[in-house]
Structures are given as C-alpha cells and as structure tokens.
Colleague: 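Please see the structure below; I have some questions.
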There are 2 protein chains.
Amino acid sequence: MGDPRPIKKPSRIQLRNRRRILDAALDTFSQFGFRGTTLDQIAKAAGLSKPNLIYYFDGKEAIHAALLSELLETWLDPLKELDAGGEPMEEILAYVRRKLRLSQDFPRESRLFATEIIQGAPHIQRVLETDLKTLVDKQARIIQGWMNDGRLAPADPYHLIFSIWSLTQHYADFDTQVRAVLATEDAFPAAEAYLETLFTRLLKV
Amino acid sequence: MGDPRPIKKPSRIQLRNRRRILDAALDTFSQFGFRGTTLDQIAKAAGLSKPNLIYYFDGKEAIHAALLSELLETWLDPLKELDAGGEPMEEILAYVRRKLRLSQDFPRESRLFATEIIQGAPHIQRVLETDLKTLVDKQARIIQGWMNDGRLAPADPYHLIFSIWSLTQHYADFDTQVRAVLATEDAFPAAEAYLETLFTRLLKV
DNA sequence: CGTGCCTTTGACCATTTGGTAAAATAATGG
DNA sequence: CCATTATTTTACCAAATGGTCAAAGGCACG
C-alpha cells in the first residue's frame with residue numbers, strides 16, 4: 001500500500017524526493033487543508049515539477065494518504081507506552097509530557113490530524129473505530145484499574161484521555177490564538193507546568 | 001461592512017435568503033473548509049442558483065466573512081459574562097458549562113472557528129490580537145484576583161482559560177473521534193460531569 | 001392594471017487545477 | 001562506451017470553479 005509505482009526497492013533518489021514531497025505537502029496540507037492545497041504549491045515547495053510529483057505519487061490523494069498513514073503511527077505511539085506496571089500518577093504525567101512534546105515538535109502533523117478529524121475523518125474513520133478504539137479501551141482499563149485500587153482519584157478514564165489529547169494538541173493547533181493572547185515567545189514551558197498541576201490535582205488521591 | 005448591495009433596509013425576502021445562504025454556507029465551510037467549498041454546493045444547499053448567491057453576497061469571500069463576523073460575537077460572549085462579584089468557583093464552572101453548551105448547540109460554528117485558527121487565522125488575526133486579547137487580559141485579572149484572595153487555588157489564569165476553551169471545544173471539533181472511541185450516542189452529559197470534577201479539583205482551595 | 005423595481009435565471013467566460021503523453025535527459029549496469 | 005532503465009521536463013487537456021451579464025419573471029403600489 002502506498003508503495004512506489006514500480007514494485008522494486010526505492011532508489012536513493014526516490015527516497016530523497018519522496019521525502020521532499022511529503023515534507024512540502026505536510027506544510028501546505030496542514031496550513032490550507034486538502035482542497036486548499038494545489039499540486040503546483042507542493043511541487044514548488046518541494047523544488048520539483050508538477051508532473052514529477054505524479055511520477056512519485058499516484059496523485060494528490062495518494063500524497064495525502066501517505067502523510068496521514070505516516071502520521072497515525074507517530075500519533076498513537078505515546079498512548080501505547082502507558083505502562084500498567086508503572087507508578088500511576090507518574091505514568092499519566094509522563095504521557096501528558098510526551099503528548100505535549102509531540103505538539104511542540106510536530107505542530108504541522110497535529111494540525112493535519114486536527115483538520116482530518118474536524119472534517120469528519122473521511123480517510124481514517126475506519127482506523128479510529130478499530131485501532132484507536134481498541135487501544136483506548138485497553139489503556140482506559142488500565143487507568144480504571146489504578147482508580148479501583150485507590151492509586152488515582154476516580155474520574156472517567158475515557159474523558160481523562162480525551163482531556164489529555166485536547167489540552168496538549170491545543171498548543172499546536174490553536175497556536176495562533178495562544179500567541180495572539182499571550183504575546184509570548186514560547187507558551188510551552190508554562191503550558192507544561194500548568195498541565196502538570198492540573199492533572200496532579202485532578203488525580204491525586 | 002457586509003451590508004446588502006443596495007444601501008436600503010433589507011426586505012423580508014432578502015432576510016430570508018441571506019439567512020438560508022449563511023446557513024448552507026456554514027454547513028459546507030465547517031465541513032470542507034473555505035477552499036473545499038464550492039459556490040454550487042452552497043447554492044444547492046440553500047435552494048438557490050449560483051448567480052443568485054452572488055446577488056446577495058459579493059462573492060465567496062464575502063459569505064465566509066459574514067459567517068466569521070457573526071460567529072465571533074457568539075464565541076466571545078460567554079467569557080464576558082464572568083462576573084467579578086460572583087462566587088469564584090461557581091463563576092468558573094458556569095463559564096465551563098456555557099462554553100460546553102455552545103459546543104453542543106453550535107458544533108458547526110465551533111468547527112468553522114477551529115479551521116480558521118488552525119489555518120493561522122488569516123481573516124481574524126487582528127480581532128484576536130485586539131478584542132480577544134483585551135477581553136482575556138481583563139478576565140484573567142479577575143481570576144488572578146480570586147486566587148490572590150485565596151478563594152481559588154493558584155494556577156496560571158491564562159492557561160486556565162485556554163484549558164476551558166480546549167476541553168469544551170474538543171467535544172464539538174473532534175466529535176468524530178470521540179464518537180469513534182466511545183460508540184455512545186451523546187458524550188455531553190458525561191463530558192459535563194467530568195469537566196466539573198476536573199475544574200473543581202483544580203481550583204478548590 | 002401598469003409601471004418600476006427587486007429577484008431569478010440561462011448562457012457564457014476566464015482561470016485554475018489535477019492530471020497526461022511523449023520526448024528529452026540523467027543514471028546505471030555490463 | 002553502449003544499452004537500458006529511471007527521472008525530469010515541455011506542452012497539453014478536460015473538468016471544475018468563481019464569477020459576469022443581459023434578459024426574463026415577480027412583486028408592490030399608485
């Protein structure tokens with residue numbers, strides 16, 4: 001799926017150009033949305049000609065799909081690392097920090113994901129209903145276990161996870177708004193401190 | 001600004017059709033974004049012909065601008081109601097509830113706003129830096145005052161406000177994801193309970 | 001009921017845009 | 001160095017799209 005047109009192993013130049021294209025596409029897709037992005041835009045940003053894009057990807061949809069599929073792994077990973085054997089509060093806070101770092105280091109990816117979801121997740125609905133749901137169910141059970149054992153204050157584990165997503169991604173997706181209000185260089189240090197306080201007070205027994 | 005083409009008072013039919021257009025446009029803009037929406041789409045949804053749209057609005061941009069400007073008032077209102085004279089915790093919780101209700105009742109507006117911000121707020125940056133910033137500064141000062149008086153636990157008031165926005169809007173903007181994970185009819189009752197718990201534990205002295 | 005204005009429409013355009021075809025230009029392996 | 005394959009470009013196209021225009025249809029009101 002999403003393999004190079006020829007079914008051979010990709011050459012060095014293939015790899016390089018594919019990466020360039022995906023990077024350029026991430027820029028524009030995350031900023032202007034799928035329909036708001038033109039192939040010419042991507043091509044120019046990638047330093048290639050439009051037909052050359054098509055040589056590497058089967059079309060605009062294919063580029064977008066490749067981006068989303070790459071993104072999904074990065075996106076779900078941090079939640080997987082939640083360790084049932086760890087210290088509950090520390091596990092949650094570590095997850096929050098991982099997720100916040102993701103927002104800080106990959107804001108374009110965050111916005112691409114956000115746009116996809118806001119538009120009804122037309123390309124990844126299936127993944128959400130299967131992979132994501134399965135993962136969340138599993139981790140919610142772990143958290144619920146901690147609460148049942150009295151190691152965390154009780155709270156709906158699903159909405160807890162939602163709130164972590166929401167709060168951390170906010171600093172990437174709504175960066176413009178945050179900046180407009182704070183007029184601060186970098187909101188992340190304060191954000192990290194605030195979120196640590198928030199989840200500590202929420203979950204401390 | 002955004003007035004009917006003739007500078008006369010709008011007739012009954014003008015009002016009706018303008019409203020139809022804006023409603024149809026809200027549907028499509030919030031779902032497909034600005035570039036992803038076509039005039040034909042709006043026209044069809046509004047039950048009008050394309051040239052007829054142009055008769056009522058100066059173009060696609062004008063429709064979008066009209067929507068955004070309408071939206072902004074609705075969006076900032078709940079924050080204005082924060083009353084310095086009220087009981088602090090109740091004021092905050094009431095604000096959370098108002099904001100959550102907005103997400104529930106106006107999800108299209110929420111998504112339109114989100115898309116605009118994610119794309120860098122090209123049309124409303126100025127408003128964010130002036131009106132919104134001014135308002136937030138003012139209300140943050142009130143909250144800070146409550147904390148200084150020991151009536152709320154200390155926390156960064158700006159990030160507190162951000163977290164309220166983020167958490168409440170999440171249920172509108174990321175509705176698709178929430179539904180995919182929960183497979184529940186309506187997430188709002190549980191969300192309201194969760195958020196009340198969260199902010200109570202965060203801010204209780 | 002007729003006149004003048006508001007509203008609507010059908011036909012039409014220019015531009016943009018995703019994508020193609022084929023020729024031209026590098027690479028690469030023997 | 002040649003032949004073959006991989007890559008890139010030039011010239012195009014068909015469809016979609018935002019928008020125009022002039023004519024036709026309604027409507028209100030004297």
Side-chain angles (χ1 to χ4, degrees), chain A residues 2-68 115 119 122-123, chain B residues 2-29 31-68 119 122-123:
Chain A
D3 284 334
R5 284 270 259 323
I7 321 208
K8 290 189 161 185
K9 62 178 176 183
S11 69
R12 185 121 3 93
I13 193 166
Q14 283 240 5
L15 249 15
R16 176 174 55 83
N17 281 346
R18 284 180 155 261
R19 184 102 320 270
R20 275 191 192 176
I21 292 171
L22 289 179
D23 192 65
L26 181 55
D27 261 349
T28 51
F29 278 141
S30 66
Q31 188 169 169
F32 305 110
F34 180 76
R35 293 280 317 266
T37 294
T38 72
L39 284 182
D40 285 305
Q41 243 176 318
I42 301 176
K44 190 177 170 188
L48 298 173
S49 68
K50 185 169 60 171
N52 209 0
L53 288 196
I54 307 295
Y55 175 76
Y56 286 104
F57 289 90
D58 281 340
K60 196 178 169 185
E61 285 277 6
I63 300 178
H64 191 250
L67 272 180
L68 270 184
T115 303
Q119 300 194 350
H123 304 95
Chain B
D3 284 334
R5 284 271 260 321
I7 322 210
K8 291 190 162 186
K9 64 176 175 186
S11 69
R12 186 125 358 96
I13 194 166
Q14 283 239 6
L15 250 15
R16 178 174 54 84
N17 281 347
R18 285 180 154 261
R19 185 103 320 270
R20 275 192 191 176
I21 293 170
L22 289 178
D23 192 65
L26 181 54
D27 261 350
T28 51
F29 279 140
Q31 189 170 167
F32 305 110
F34 180 75
R35 293 280 316 266
T37 295
T38 72
L39 285 181
D40 285 305
Q41 243 177 317
I42 301 176
K44 191 177 170 188
L48 299 173
S49 68
K50 187 168 58 172
N52 210 0
L53 288 198
I54 307 295
Y55 175 76
Y56 286 105
F57 289 90
D58 280 339
K60 196 178 169 183
E61 285 277 8
I63 300 177
H64 190 250
L67 272 180
L68 270 185
Q119 301 193 350
H123 304 94

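Residue numbers start from 1 in every chain, and the chains themselves are labelled A, B, ... in the order their sequence lines are given, proteins ahead of strands.
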Colleague: What is the distance from CZ of Phe57(B) to C1' of dT7(C), rounded to the nearest Å?
Modeller: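 Rounded to the whole Å, the gap is 15 Å.
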Colleague: I'd like to compare against my own output: the B/S/- annotation of nucleotides 23-30 of chain C with a strict under-4.0 Å heavy-atom distance to protein.
Modeller: --------
Colleague: Think Asn17(A) has a side-chain N or O under 4.0 angstrom from the OP1 or OP2 of dT8(D)?
Modeller: yes
Colleague: Going by heavy atoms in the side chains, are Arg18(B) and Ile21(B) under 4.5 Å from each other?
Modeller: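 A side-chain contact under 4.5 Å is absent here.
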Colleague: Please confirm whether the shortest side-chain N or O distance from Ser49(B) to OP1 or OP2 of dT8(C) is below 4.0 Å.
Modeller: no
Colleague: Quick one: Leu48(B) CG to dC6(C) P, roughly how many Å, whole number?
Modeller: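 Taking CG of Leu48(B) and P of dC6(C), I get 18 Å after rounding.
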Colleague: Rounding to a whole Å, what distance do you find between Leu15(A):CG and dA6(D):P?
Modeller: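 To the nearest whole Å, that distance equals 16 Å.
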Colleague: Using only atom types and a distance under 3.5 Å, with no angle test, would you say the side chain of Arg35(A) pairs donor to acceptor with the backbone of Thr37(B)?
Modeller: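 No, because the side chain of Arg35(A) does not come within donor-acceptor range (under 3.5 Å) of the backbone of Thr37(B).
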Colleague: Hey, could you give me the CG/CG distance between Leu26(A) and Leu68(A), rounded to the nearest 0.5 Å?
Modeller: 10.0 Å
Colleague: Please examine the side chains of Ile54(B) and Leu39(B), heavy atoms only from C-beta on, and report whether any two atoms are closer than 4.5 Å.
Modeller: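 SC-SC contact between Leu39(B) and Ile54(B) confirmed.
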Colleague: Taking all non-hydrogen atoms of both residues, which atom of Ala66(A) and which atom of Phe57(A) are closest, and how far apart?
Modeller: CB-CE2, 4.0 Å
Colleague: Look at the side-chain N and O atoms of Gln14(A) and state whether any lies under 4.0 Å from the OP1 or OP2 oxygen of dT7(D).
Modeller: yes
Colleague: Does the protein touch nucleotides 15-30 of chain D at the base, only the backbone, or not at all? Give it as B, S and - per nucleotide, heavy atoms under 4.0 Å.
Modeller: --SBBBB---------
Colleague: For Arg16(B) and dT7(C), what is the distance between atoms CZ and P respectively, to the nearest whole Å?
Modeller: 10 Å
Colleague: Give the rounded distance in Å between these two atoms: CD1 of Ile63(A) and C1' of dT17(C).
Modeller: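 Those two atoms, CD1 and C1', are 14 Å apart.
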Colleague: Angle between the end axes of the helix from dC1(C)-dG30(D) to dG30(C)-dC1(D), five pairs per end, to the nearest 10 degrees?
Modeller: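 That helix has its two terminal axes inclined by roughly 20°.
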Colleague: Please identify each residue that fulfils salt bridge (Lys or Arg N to Asp or Glu O under 4.0 Å) with Arg19(B), with sequence neighbours left out.
Modeller: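 Residues passing salt bridge (Lys or Arg N to Asp or Glu O under 4.0 Å) with Arg19(B): Glu70(B).
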Colleague: Evaluate the ring planes of His123(B) and His64(B), with Trp represented by its six-membered ring, and classify them as parallel (under 30°), tilted (30 to 60°) or perpendicular (over 60°).
Modeller: perpendicular
Colleague: Expressed as a whole number of angstroms, how long is the span from Asn52(A):CG to dG18(C):P?
Modeller: 16 Å
Colleague: Check the distance between dA21(C)'s C1' and Tyr55(A)'s OH and give it to me in whole angstrom.
Modeller: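 Going from Tyr55(A) (OH) to dA21(C) (C1'), I get 15 Å.
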Colleague: Could you pull out all residues at least two apart from Lys50(A) that satisfy salt bridge (Lys or Arg N to Asp or Glu O under 4.0 Å)?
Modeller: Asp40(A)
Colleague: Does anything in residues 23-34 of chain A pair up under side-chain hydrogen bond (donor to acceptor under 3.5 Å, both in side chains), and if so which pairs, sequence neighbours excluded?
Modeller: Asp23(A)-Arg108(A), Asp27(A)-Arg108(A)
Colleague: Under the side-chain contact (heavy atoms from CB on, under 4.5 Å) criterion, do Phe34(B) and Gln119(B) qualify, and how do the steps go?
Modeller: CA-CA 10 Å; Phe34(B) 180 75; Gln119(B) 301 193 350; 5.5 Å; no
Colleague: Please say which of Leu22(A), Ile42(A), Thr115(A) ends up in a side-chain contact (heavy atoms from CB on, under 4.5 Å) with Phe29(A).
Modeller: Ile42(A)
